[in-house]
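Letters A, B, ... are given to chains in the order of the sequence lines, protein chains preceding strands, and every chain is numbered from 1.
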Amino acid sequence: MKNKKEYSVSTQKILAAIKIIPSGKVDTYGNVADRAGLRNGARLVVRVLHTLSESEKLPWYRIVNKQGKISLEGEGAILQRNLLEIEGVIVNDDKIDLEKYGLK
DNA sequence: GCCATGGCTAGTA
DNA sequence: GCCATGGCTAGTA
């Protein structure tokens, strides 16, 4: 039984773009997509996070929307905020200062 | 093949 | 609207 799951080039690039985000920093969906070479692939990033976060051990919680806000709701949002705070990221009302913690 | 998905977002009214 | 993938269907052989 082999599990040689192959990802498409786009998916691989997105995975790489996500893994680049260092601890204590955050990035936006759109930015990740751009780094992966996908101009309008924000939603694709969302999809990748959804399907591969666990298997690829992705730092999913380091990704927020363009306004620097946590896009999840309920439990997920709480978990994300906690994980970020553990890394030293300050979160106010589910909002993060992208100028300070965002990737350039 | 077609179509829904998913935590979005640039750009118009 | 944009994007790629997974799941499901219709339509041939």
I'd like to know if the side chain of [X] and the backbone of [Y] have a donor-acceptor N/O pair within less than 3.5 Å.
X: A:Gln80; Y: A:Ile63; answer: yes
X: A:Asn65; Y: A:Gln67; answer: yes
X: A:Tyr101; Y: A:Ile90; answer: yes

Report task. Answer yes or no: does a side-chain N or O of A:Ser10 lie under 4.0 Å from OP1 or OP2 of C:dC3? Result ->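 For C:dC3, neither OP1 nor OP2 has a side-chain N or O of A:Ser10 closer than 4.0 Å.
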| For A:Leu38 and C:dG1, what is the distance between atoms CG and C1' respectively, to the nearest whole Å? |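 Taking CG of A:Leu38 and C1' of C:dG1, I get 15 Å after rounding.
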Pairing partner of C:dT5 (Watson-Crick or G-U wobble, both distances under 3.5 Å):
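Its partner is B:dA4 (Watson-Crick or G-U wobble, both distances under 3.5 Å).
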Exercise for review: Could you please name the partner base of B:dG11, counting Watson-Crick and G-U wobble pairs only when both distances are under 3.5 Å?
Suggested key: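 Partner of B:dG11: none.
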Counting primed atoms, P, OP1 and OP2 as sugar-phosphate and everything else as base, the B/S/- map of nucleotides 6-13 of chain B against protein heavy atoms under 4.0 Å is BBBSS---
Just how far is it from atom CG of A:Leu58 to atom NE2 of A:His50, taken to the nearest 0.5 Å?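 Nearest 0.5 Å value for the CG-NE2 distance: 12.5 Å.
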With a 6.0 Å cut-off (strictly less than), is the heavy-atom count around NZ of A:Lys19, excluding the residue itself, greater than 12?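 Correct, the count exceeds 12.
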Checklist entry - Hey, does A:Thr51 reach any base, or is it just sugar-phosphate, or nothing, if we go heavy atoms under 4.0 Å? => result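 If one applies the 4.0 Å heavy-atom cut-off, A:Thr51 turns out to touch nothing in the nucleic acid.
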Side chain to side chain, A:Tyr29 and A:Leu49, heavy atoms closer than 4.5 Å: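 Heavy-atom side-chain distance check passes, below 4.5 Å.
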